[in-house]
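By convention here, the first residue in the shown sequence is residue 1. Heavy atoms only: backbone and side chains are in, while hydrogens, waters and symmetry mates are out.
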Amino acid sequence: NAESKHRIDWEFDRIPIHLKEEYSKIFSIIKSQIRDDILLEVDSFSNNFTDKTISVHVRTETGHPVEGIAQEERRSFKLDETIKVMESYSDDYTFFISTDEYVEQGSNNILSTLQEKFGDRIFYHKKDSLSVRGALIDLLLLSKNKTIIGTYFSGFTEVSWWLGGATAKVIFPGWE
């Protein structure tokens, strides 16, 4: 219930510290069980990252609509708002883009739009996004940075935050 503030989903700064610690331990155990080849691939790719790399999770309009919001505003990812947030960072910042399987399809190619706008400041791990392995690599890569520009109502954004130790700043463009 958003009005009573009893529900804290996607409000990471409102999660009590003891719960963050408990869940972080659980996710640490999960991470310890990941195969070495996956961890090596993540480590190798994340060598491109610096302290000024920001993770961006793009969940396209194929996701579930948000209940109680006007039809034209129902999707949880907002490209224009995301670009505004990305533009607010100086040119020495880079962005790791994690996407779903539809991002390179159709007339609205979000990855190409971001690459055209930000050029070599964009990192993208090309993989089979339909595979569990590819999704796990993306989750781990998203978790590597201090800031995550996420997609509202996305469990993928949330899991990457937990995998990173529940310390990253999470921004939901257009939903603040």
Worksheet item: Is the number of heavy atoms from other residues, nucleotides or ligands under 6.0 Å of Ile17 CD1 greater than 12?
Response: no

Worksheet item: What's the spacing between Ser28 OG and Glu21 CD if we round to 0.5 Å?
Response: 13.0 Å

Response to the item:
Closest non-hydrogen atoms of Ile15 and Lys20, given as atom of the first, atom of the second and distance, are O-CE, 3.6 Å

Worksheet item: Do any N or O atoms from the side chain of Thr94 and from the backbone of Arg121 form a donor-acceptor pair under 3.5 angstrom?
Response: no

Item to complete: Enter the distance from Thr113:OG1 to Ile83:CD1 here, rounded to the nearest 0.5 Å.
Response: 6.5 Å

Worksheet item: How about Asp51: does its CG atom have over 12 heavy atoms from other parts shown lying under 6.0 Å from it?
Response: no

Worksheet item: If you measure from CG on Asp138 to OG1 on Thr99, what distance do you get to the nearest 0.5 Å?
Response: 6.5 Å

Worksheet item: Yes or no on salt bridge (charged side-chain N to carboxylate O under 4.0 Å, His left out) for Lys25 and Glu22, after CA distance, side-chain angles and deciding distance?
Response: CA-CA 5 Å; Lys25 286 178 188 175; Glu22 184 178 333; over 6 Å; no

Worksheet item: Atom CZ of Phe27 and atom OG of Ser32: how far apart are they, to the nearest 0.5 Å?
Response: 13.0 Å

Worksheet item: For the residue pair Phe45 and Phe96, does the interplanar ring angle fall in the parallel (under 30°), tilted (30 to 60°) or perpendicular (over 60°) class?
Response: perpendicular

Fill in: Gln115 CD to Phe123 CZ distance, which is reported to the nearest 0.5 Å
12.0 Å

Discussion item. Looking only at the aromatic ring of each residue, does the gap between the centers of Phe95 and Phe118 stay below 6.0 angstrom?
Written reply: yes

Worksheet item: Honestly curious: do Ile26 and Phe156 fall in one hydrophobic cluster under the side-chain, below-4.5 Å linking rule?
Response: yes

Worksheet item: Is the side chain of Ser131 donor-acceptor paired with the backbone N or O of Gly134 at a distance under 3.5 Å, no angle test?
Response: yes

Worksheet item: Shortest non-hydrogen contact from Phe49 to Leu141?
Response: CE1-O, 3.7 Å

Worksheet item: Does the side chain to side chain contact (heavy atoms under 4.5 Å, CB included) test come out yes or no for Ile97 and Met86, once each step is laid out?
Response: CA-CA 11 Å; Ile97 308 297; Met86 292 170 72; 4.2 Å; yes

Worksheet item: Any donor and acceptor pair, going by atom type alone, linking the side chain of Lys78 with main-chain N or O of Pro173 inside 3.5 Å?
Response: no

Worksheet entry | salt_bridge(Arg133, Asp37) N-O dist < 4.0 Å | yes

Worksheet item: Are Leu136 and Glu41 side-chain neighbours, meaning at least one heavy-atom pair lies under 4.5 Å?
Response: no

Worksheet item: Are Glu87 and Lys84 within salt-bridge range, i.e. N to O under 4.0 Å?
Response: no

Item to complete: Apply the test side chain to side chain contact (heavy atoms under 4.5 Å, CB included) to residues Thr82 and Val58: give CA-CA distance (whole Å), side-chain angles for both, the deciding distance (0.1 Å), then the verdict.
Response: CA-CA 9 Å; Thr82 298; Val58 177; 5.7 Å; no

Worksheet entry | Trp162 side chain vs Ser24 backbone, donor-acceptor pair below 3.5 Å | no

Item to complete: Return the minimal non-hydrogen interatomic distance between Thr50 and Asn145, and the atom names on each side.
Response: O-OD1, 4.2 Å

Practice prompt. Measure from the side-chain N and O atoms of Ser44 to the backbone N and O of Leu40, and report whether any donor-acceptor pair falls under 3.5 Å.
Written response: no

Discussion item. Test salt bridge (charged side-chain N to carboxylate O under 4.0 Å, His left out) on Lys144 and Asp43; report intermediate values, then the result.
Written reply: CA-CA 10 Å; Lys144 293 277 187 179; Asp43 286 343; 3.3 Å; yes

Worksheet item: Should Leu79 and Leu114 count as side-chain neighbours, where that means a heavy-atom distance under 4.5 Å?
Response: yes

Item to complete: For residues Trp161 and Thr167, report the shortest heavy-atom separation together with the two atoms involved.
Response: NE1-N, 3.9 Å

Worksheet item: What's the verdict on side chain to side chain contact (heavy atoms under 4.5 Å, CB included) for Thr157 and Phe172, showing C-alpha distance, side-chain angles and the deciding distance?
Response: CA-CA 10 Å; Thr157 295; Phe172 293 115; 4.0 Å; yes

Fill in: Glu158 vs Phe12, side chain to side chain contact (heavy atoms under 4.5 Å, CB included): CA-CA, chis, key distance, verdict
CA-CA 9 Å; Glu158 183 177 10; Phe12 303 116; 3.7 Å; yes

Practice prompt. Flag the pair Ile38 / Ile137 as yes when at least one side-chain heavy-atom distance between them is below 4.5 Å, and no otherwise.
Written response: yes

Practice prompt. Indicate yes or no for a side-chain donor-acceptor contact from Thr151 to the backbone of His57 under 3.5 Å, with no hydrogens or angles considered.
Written response: yes

Worksheet, complete the sentence: When every non-hydrogen atom of Thr147 is compared with those of Ala168, the smallest separation belongs to N-CB, 4.4 Å

Worksheet item: About how many Å separate CG of Leu142 and NE2 of His125, when rounded to the nearest 0.5 Å?
Response: 12.0 Å

Response to the item:
On a heavy-atom basis, the closest approach of Leu163 and Lys31 is O-NZ, 3.1 Å

Discussion item. Using a 6.0 Å cut-off, check whether atom CG of Asn47 has over 12 heavy atoms from anything other than its own residue.
Written reply: yes

